[in-house]
Protein chains: 2
Amino acid sequence: METTTRSKVTIYQVAAEAGVSISTVSKVLANKAGIRTATRTRVNEAVERLGYSPNLMARGLMRGQTGIIGLLFPYIAEQLLIDPHLLRVIQGIEETLNERDYNLLLATSKDTLNPASSFERLLRGHYFDGAIIIETSEIYGMDLHKLLEQQNRPWVLMGYPAGLLRCYAVYADEFMGGQLVADHLLSLGHRRIGLINARPQPSGVGERVRGFQKVLDAHQIILDESLVAFGNFQEESGYRAAPLLLQRPDPPSAIFAINDRMALGVMHWAHENGLRIPEDFSIIGFDDIPAAATSHPALTTVCQPAVEIGRETMRLLFRLLEGEKPPSHIIVGTELICRSTTAPLKASGLLAS
Amino acid sequence: METTTRSKVTIYQVAAEAGVSISTVSKVLANKAGIRTATRTRVNEAVERLGYSPNLMARGLMRGQTGIIGLLFPYIAEQLLIDPHLLRVIQGIEETLNERDYNLLLATSKDTLNPASSFERLLRGHYFDGAIIIETSEIYGMDLHKLLEQQNRPWVLMGYPAGLLRCYAVYADEFMGGQLVADHLLSLGHRRIGLINARPQPSGVGERVRGFQKVLDAHQIILDESLVAFGNFQEESGYRAAPLLLQRPDPPSAIFAINDRMALGVMHWAHENGLRIPEDFSIIGFDDIPAAATSHPALTTVCQPAVEIGRETMRLLFRLLEGEKPPSHIIVGTELICRSTTAPLKASGLLAS
DNA sequence: TTATATGTAGAAAGCGCTTTCCAAACAAAG
DNA sequence: CTTTGTTTGGAAAGCGCTTTCTACATATAA
C-alpha cells in the first residue's frame with residue numbers, strides 16, 4: 001500500500017529522482033542506445049521507486065499513433081447471441097493484440113437510426129491506429145469505409161466482403177464447408193438429400209449452399225426443389241421446416257441445415273415425432289455452436305476456425321500498419337466435425353425402399 | 001469521395017480557413033460563451049468544409065481526462081459462453097456510455113500466468129477515466145483494486161463483491177431470486193422439492209440457494225439432504241444429476257436447478273426417460289438464458305435485469321467521476337419468468353400418493 | 001600535441017489541443 | 001471628451017511525452 005506513489009508521477013519526477021534529464025529517461029524507457037549502463041539502471045531504479053508509468057495519451061500524441069485498435073462491432077449483443085463463434089474471433093484478436101502492445105477499443109453502435117454515428121465519432125477522433133470491422137448486414141448501409149478511407153487508416157473486414165470487394169478481409173471458406181457437407185453425405189451413400197436454407201441470407205452463408213450444390217452437381221445429383229425448405233436461422237424455424245421434409249411420402253435420407261440452430265430444431269421435431277437420428281435420417285449442421293456438441297445425439301457439423309480467423313485478422317491489420325502491401329483477402333479453411341447425427345444410408349431409411 | 005479532406009487536418013487549418021485564431025476555434029467547438037454568432041458560424045463552416053474533427057489524444061492530454069472507460073473483463077470469451085446475460089450487461093453499459101461522449105476500452109486478459117499484466121498496462125497508462133470490472137472468480141486473485149486505488153481512479157465492480165466489500169458494486173438480487181423460486185413452487189403446492197446446486201460456486205450464486213432456503217425455512221419445510229444434487233453449471237451435469245433425484249422411490253415433485261443450463265439438462269434426461277414436464281414434475285431454472293425461452297416446454301426461470309445492471313453500473317461510475325459520493329452497493333431486483341415447466345402439485349406427482 | 005572520431009547526456013522544439021489572461025474595440029455613462 | 005464597463009478575439013503557456021540536434025567528454029589517430 002505505502003508505495004512512494006503519489007498522485008501524478010510524470011517523467012519529470014523520474015528525471016529529478018534519477019538526477020538526469022527527461023530525454024534520458026525517455027530514452028531508457030524506449031530502450032534506445034547511447035545511454036551508459038550505470039545511468040540506465042539509475043533511471044530504472046527511479047522508475048521503480050516512484051511507480052512511474054508513462055502517460056499513453058501524451059506518448060500517442062507525440063508518436064502520432066495511439067496503440068489502440070478499434071473494433072467496430074455493430075449490435076454486439078444481438079450478434080453474439082446469434083453467432084457465439086464471433087466470441088472466439090474476438091479472443092483470437094485479443095491474443096494477437098496482446099502480443100504486441102496494442103489495446104482494443106470496442107465500438108458497438110446500436111443506434112438504429114444512424115448506426116454510424118458512434119463509430120464515426122470514434123473514427124474521426126484519431127483514437128485508433130487501425131480498425132477491425134465485424135461484418136454484419138448492417139454495416140453495408142453505413143458509409144463506414146468511406147469514412148475509414150477519409151481517415152487514411154488501415155482497416156480490415158472480418159467477414160465476407162459482399163459488395164465491398166475492394167477492401168482487406170478475412171473470412172472462413174464457407175464454400176468449402178458446403179463441399180465438405182456434400183462429400184460427407186455422399187460418401188455415406190445418401191443420394192436423396194434435403195436442404196434447409198434460409199433467407200434473408202447474410203453474404204457468406206450463400207457460399208455454403210453454393211459449395212454444397214457444386215459437389216452435388218459434380219455427381220450429377222439433382223437437388224430436388226421440393227426438398228428445400230427455408231428458415232430464418234432460428235431453432236424454431238428448423239422445427240417448423242422439419243415436417244415439410246420428413247412427413248412427405250418420399251422423405252430425404254439426409255438433411256443439410258445451413259446452420260446448427262435450425263438443425264437442432266429439426267432434431268427436436270424428429271425426437272418429438274418418434275424419428276430416430278441417425279437411424280431414420282442423417283442430419284448435418286453448420287457453425288459448430290456449443291449446443292451442437294451437447295445435443296443428443298451430438299450434431300455433425302462444420303466448424304469455422306474462429307480463433308484463427310481472429311488471429312489472421314489482427315495479423316493482416318498489423319501488416320497494414322507496418323506499411324506492407326499484404327494480400328487483400330485471407331480465407332481460412334473450414335472443417336467437418338463428424339459426430340453422431342450422420343450414418344451410412346443402409347442403416348437409414350424412412351422409406352422401406 | 002472528393003471532399004476537401006486531405007491527410008491531417010488540425011485546429012490550425014480550421015483557424016486559417018476561418019480567418020481566426022485557434023483559441024477561437026477551440027471555444028466554438030466547446031460551445032463557450034463570448035464568441036459573436038457571425039464568427040461562430042464562420043468557424044463552423046470551416047470545420048464542415050475541411051471535415052475537421054479534434055484529435056482526442058491531444059484533447060485528453062490537455063483536459064486531463066480521456067473520455068475512455070475501461071472495461072476489465074477477464075476471459076471474456078469463456079465467460080460469455082457461460083453467462084450470455086453478461087452480453088446484455090455490456091449492452092447496457094454501452095448505451096449509457098454513448099449518451100455521454102465516452103468510449104469503451106475493452107481489456108480481456110487471458111494470460112493465465114499473470115492475468116493482471118494486460119490490465120495493469122492499461123490501468124497504469126492513464127488511458128481511462130474510470131473502470132468497470134466484471135466480476136469473475138479470477139479477479140480476486142489479482143491485486144486489481146490495489147492497482148486501481150494507486151491510480152486514483154474510480155471503478156465499480158459489476159458483480160457480487162465477495163471479499164471485496166469496500167468497493168462500489170452493482171449486482172442482481174440473487175437472494176431475492178431464490179426467494180421467488182421458493183415462493184412460486186410453494187404457491188403451486190409443492191412441498192417435496194429437489195435442488196440442483198453446484199460447486200465450486202461463484203460468489204453470488206450462493207445467494208440463490210440462501211434465498212431459496214430462507215423461504216423454505218419460513219414455511220418450516222425441510223430441504224431433504226438426499227434431494228440435493230451437485231453439478232457444475234453445465235447442461236451435462238444437470239443431465240447426470242436428474243436420475244439421482246428422479247429415479248428415487250420418493251422423487252421430488254419439483255426441482256430447482258440453480259441455473260438454466262442444468263435445468264435444461266434435467267429436462268433432457270426427463271424427456272429421454274419418458275417423464276413429462278410439468279405433469280410428472282415441475283422444474284425451474286435461473287438466469288433466463290435464451291435457450292430457456294425456446295426449450296420444449298419453455299422453462300420457468302428467474303431473470304436478472306442484465307441491461308439494467310449495465311446501465312446502473314455506468315451510472316454509478318459517472319457519479320463517481322463527477323465527484324459525488326454515491327451509495328456503494330446497488331442491488332437490482334430479479335424477476336420470475338413463469339413459463340411452462342411449472343404446474344400445481346395436483347397435476348403432478350410421480351408418486352401415486 | 002593537435003585533429004578527429006566516438007560515446008553520452010541535455011536543451012529545445014513540438015505533437016494538437018485547452019485555457020487563462022490580456023488587449024482591443026466598442027458602447028454606455030459621467 | 002474622458003472614464004468605465006462589456007464584449008470579443010488572440011497570445012501564450014502548458015498537458016507529458018519523443019526526438020532531433022547540439023555540446024561536452026573521452027578515446028583514438030596523426
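Quick note on labels: first sequence line is chain A, next is B, and so on, each numbered from 1.
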Would you mind reading off the distance between [X] atom [atom1] and [N] atom [atom2], rounded to a whole angstrom?
X        : N      : atom1 : atom2 : value
A/Asn55  : C/dC15 : CG    : P     : 18 Å
A/Tyr127 : C/dG16 : OH    : C1'   : 14 Å
B/Arg63  : C/dT20 : CZ    : P     : 12 Å
A/Met62  : C/dC15 : CE    : P     : 8 Å
B/Met57  : C/dG14 : CE    : C1'   : 18 Å
B/Lys27  : C/dC21 : NZ    : P     : 12 Å
A/Gln65  : D/dC17 : CD    : C1'   : 14 Å
A/Leu61  : C/dG14 : CG    : P     : 14 Å

If we ignore hydrogens and angles and just use 3.5 Å, is the side chain of [X] paired with the main-chain N or O of [Y] as donor and acceptor?
X       : Y        : value
A/Asn55 : B/His126 : no
A/Thr96 : A/Arg315 : no
B/Ser53 : A/Gly125 : no
B/Thr24 : B/Val20  : no

Aromatic B/Phe128 / basic B/Arg153 pairing, under 6.0 angstrom, 45° off normal: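 No; the conditions do not both hold, so B/Arg153 does not lie above the ring face of B/Phe128.
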Short N-O contact, B/Arg100 and B/Glu322, less than 4.0 angstrom: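 Salt bridge flag = yes for B/Glu322 with B/Arg100.
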Taking the side chain as C-beta and beyond, is there a heavy-atom pair between [X] and [Y] under 4.5 Å?
X       : Y        : value
A/Ile69 : A/Leu317 : yes
B/Ile11 : B/Ser26  : yes
A/Leu80 : B/Leu80  : yes

Side chain of B/Arg59 only, please: which of C/dG16, C/dT18, D/dT18 is the nearest?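 My answer, after comparing the listed nucleotides, is C/dT18.
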Quick one, which residues of residues 16-26 of chain B touch DNA chain C with a heavy atom under 4.0 Å?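 Within this stretch, B/Ile22, B/Ser23, B/Ser26 sit under 4.0 Å of the strand.
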Contact list for DNA chain D against residues 29-43 of chain A - heavy-atom distance below 4.0 Å: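 Per residue number, the list reads A/Lys32.
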Whether A/Tyr12 contacts D/dG14 is assessed here as follows: a side-chain N or O lying under 4.0 Å from the phosphate OP1 or OP2. Is that the case?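 For D/dG14, neither OP1 nor OP2 has a side-chain N or O of A/Tyr12 closer than 4.0 Å.
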